[in-house]
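Structure, as structure tokens:
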Amino acid sequence: MSLEIRAAHPTETLGVLETAALLRELTAGLIASSDFDDALERLVRTSQRAIPGVTWCGVTVLRAGAPAAVVASAPAAGALDDTRHGPDGPAMTAIRARDLVHVSDLRTESRWPAWTRRARRLGVREVISAPVDVDDHVLGAINLYSREPGGLTEHRQVTAMLLAEHAGLLLASVRDRVRQHALVGELDRHLLDGELVGQAIAVIMTERGCSAPEALQVLRRTSAALSIPLREVADRLARSAARRPARPARLAG
């Protein structure tokens, strides 16, 4: 993307500071998220609130093997972002070209006739779509809509691009965390199914009155504290309980 940026005025310098604050807020919000769809909703809320001149905000997401997803700040934006109405529109153009799409006045736009008619009926006059590259399996676009032409200035276009690039990195991190949590959950299920570990967990549940996942966490903490494998901790506990049922092996809590 190439934008010619004029010498910054004091108000534009303030805009740079606002952009930095926006990226910090976005980072804080998405780092706290462990669910991809929740992260998309946080992205939409933050973008609409933080970028001046934006009436609505939406995100179009394409995931391999899944239907296109849309998260929007209002039903009108959701209708515009929804690819079920047709594959043509600024969002899909931005995704395909991997570049920002900006229309300063939809009254003069001719690339997407059907989409443009719907947008104009909703009162949209200006739009920005910025591509979001998450990973090899997820692509998307942040879509910003304004009822007033000319409000999405060059500096706000740059802000949109920075936001989209930053969001791509953060969303990739969220997806990694989701995958890691799923792997840990799968590992926990395998451990719970194991006979030796299952016996140790049953002992802990009996002694502490806790659930199986909580008992597994006790085993994990003990394994880390003693620097020995989890299965060895389970074996020691099971043997100790068999010898002295009334006095189980001491565990790190």
Side-chain angles (χ1 to χ4, degrees), residues 18-87 89-95 98 100-102 115 118-119 122-124 126-147 151-152 156-182 184-185:
E18 290 173 343
T19 298
L22 164 61
L23 297 182
R24 284 196 301 272
E25 180 182 356
L26 182 65
T27 300
L30 269 62
I31 281 179
S33 179
S34 58
D35 178 81
F36 190 75
D37 291 333
D38 174 70
L40 293 177
E41 292 176 1
R42 291 171 183 259
L43 171 59
V44 167
R45 291 196 300 268
T46 301
S47 301
Q48 183 187 17
R49 184 173 62 251
I51 300 179
V54 173
T55 304
W56 299 317
C57 177
V59 177
T60 301
V61 178
L62 306 181
R63 288 182 254 202
V70 171
V71 177
S73 62
L80 292 175
D81 295 340
D82 195 339
T83 59
R84 290 177 299 179
H85 294 298
M92 291 303 299
T93 299
I95 292 172
R98 298 289 210 285
L100 181 139
V101 172
H102 173 234
W115 184 92
R118 289 202 312 274
L122 292 169
V124 176
E126 188 172 12
V127 59
I128 289 175
S129 288
V132 178
D133 290 343
V134 178
D135 56 32
D136 292 339
H137 303 286
V138 179
L139 300 172
I142 296 175
N143 310 304
L144 308 175
Y145 303 103
S146 176
R147 289 181 176 274
L152 302 178
R156 289 170 188 170
Q157 294 169 49
V158 172
T159 297
M161 282 300 296
L162 292 173
L163 175 69
E165 292 177 6
H166 198 63
L169 296 173
L170 292 171
L171 290 171
S173 178
V174 172
R175 274 177 58 83
D176 285 342
R177 288 200 298 276
V178 170
R179 285 192 290 264
Q180 289 169 5
H181 289 165
V184 169

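The structure displayed is predicted, hence computed values, not measured ones.
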Quiz item: Where do Leu22 and Thr159 come nearest, in terms of heavy atoms and distance?
Solution: CD2-CG2, 3.8 Å
Quiz prompt | Point-to-point distance, once rounded to the nearest 0.5 Å, from CG of Asp133 to CD of Glu165 | solution = 9.0 Å
Exercise. For Val44 and Ala72, work out which heavy atoms get closest and say how close.
Key: CG1-C, 3.9 Å
Self-check item: Among Ile142, Thr46, Val158, Val132, the one residue meeting side-chain contact (heavy atoms from CB on, under 4.5 Å) with Leu163
Solution: Ile142
Practice problem: Decide, yes or no, whether a salt bridge links Asp37 with Arg63 under the criterion of side-chain N to carboxylate O below 4.0 Å. | Solution: yes
Practice problem: Give, for atom CG of Leu170 and atom OG1 of Thr27, the distance between the pair rounded to the nearest 0.5 Å. | Solution: 4.5 Å
Quiz item: Considering all heavy atoms of both residues, which atom of Ala164 and which atom of Pro131 are nearest to each other, and what is their separation?
Solution: CB-O, 3.3 Å
Self-check item: side-chain contact (heavy atoms from CB on, under 4.5 Å) evaluation trace for Leu171 with Leu43
Solution: CA-CA 9 Å; Leu171 290 171; Leu43 171 59; 4.3 Å; yes
Quiz item: Donor-acceptor pair, Arg147 side chain versus Leu122 backbone, under 3.5 Å?
Solution: yes
Quiz item: Would a distance-only check, ignoring hydrogens and angles, find a side-chain to backbone donor-acceptor pair under 3.5 Å from Ser129 to Val101?
Solution: no
Quiz item: Between Val127 and Pro90, what is the shortest heavy-atom contact and its length?
Solution: CG2-CG, 4.2 Å
Practice problem: Mind checking the OH-CG spacing from Tyr145 to Leu152? Nearest 0.5 Å is all I need. | Solution: 11.5 Å
Exercise. For side-chain contact (heavy atoms from CB on, under 4.5 Å), just list the numbers for Thr55 and Val124, CA-CA rounded to whole Å, side-chain angles, deciding distance to a tenth of an Å, and then say yes or no.
Key: CA-CA 9 Å; Thr55 304; Val124 176; over 6 Å; no
Exercise. Quick one: closest heavy-atom pair of Cys57 and Gln48, and the distance?
Key: CB-CB, 3.8 Å
Self-check item: Any donor-acceptor pair under 3.5 Å from Ser73 side chain to Trp56 backbone
Solution: no
Quiz item: Does a side-chain heavy-atom distance below 4.5 Å link Val61 with Val138?
Solution: yes
Exercise. Quick one: pull up CG in Leu139 and CG in Leu62 and give me the separation to the nearest 0.5 Å.
Key: 6.5 Å
Quiz item: Nearest heavy-atom pair of Glu126 and Gly151: which atoms, and what distance?
Solution: OE1-N, 3.0 Å
Quiz item: Hey, what do you get for CG (Asp135) to CZ (Arg175), rounding to the nearest 0.5 Å?
Solution: 4.5 Å
Quiz item: Looking at NE2 of His102 and CE of Met161, how far apart are the two atoms once the value is rounded to the nearest 0.5 Å?
Solution: 13.5 Å
Practice problem: Could you walk me through whether Leu144 and Ile51 pass side-chain contact (heavy atoms from CB on, under 4.5 Å), step by step? | Solution: CA-CA 9 Å; Leu144 308 175; Ile51 300 179; 3.8 Å; yes
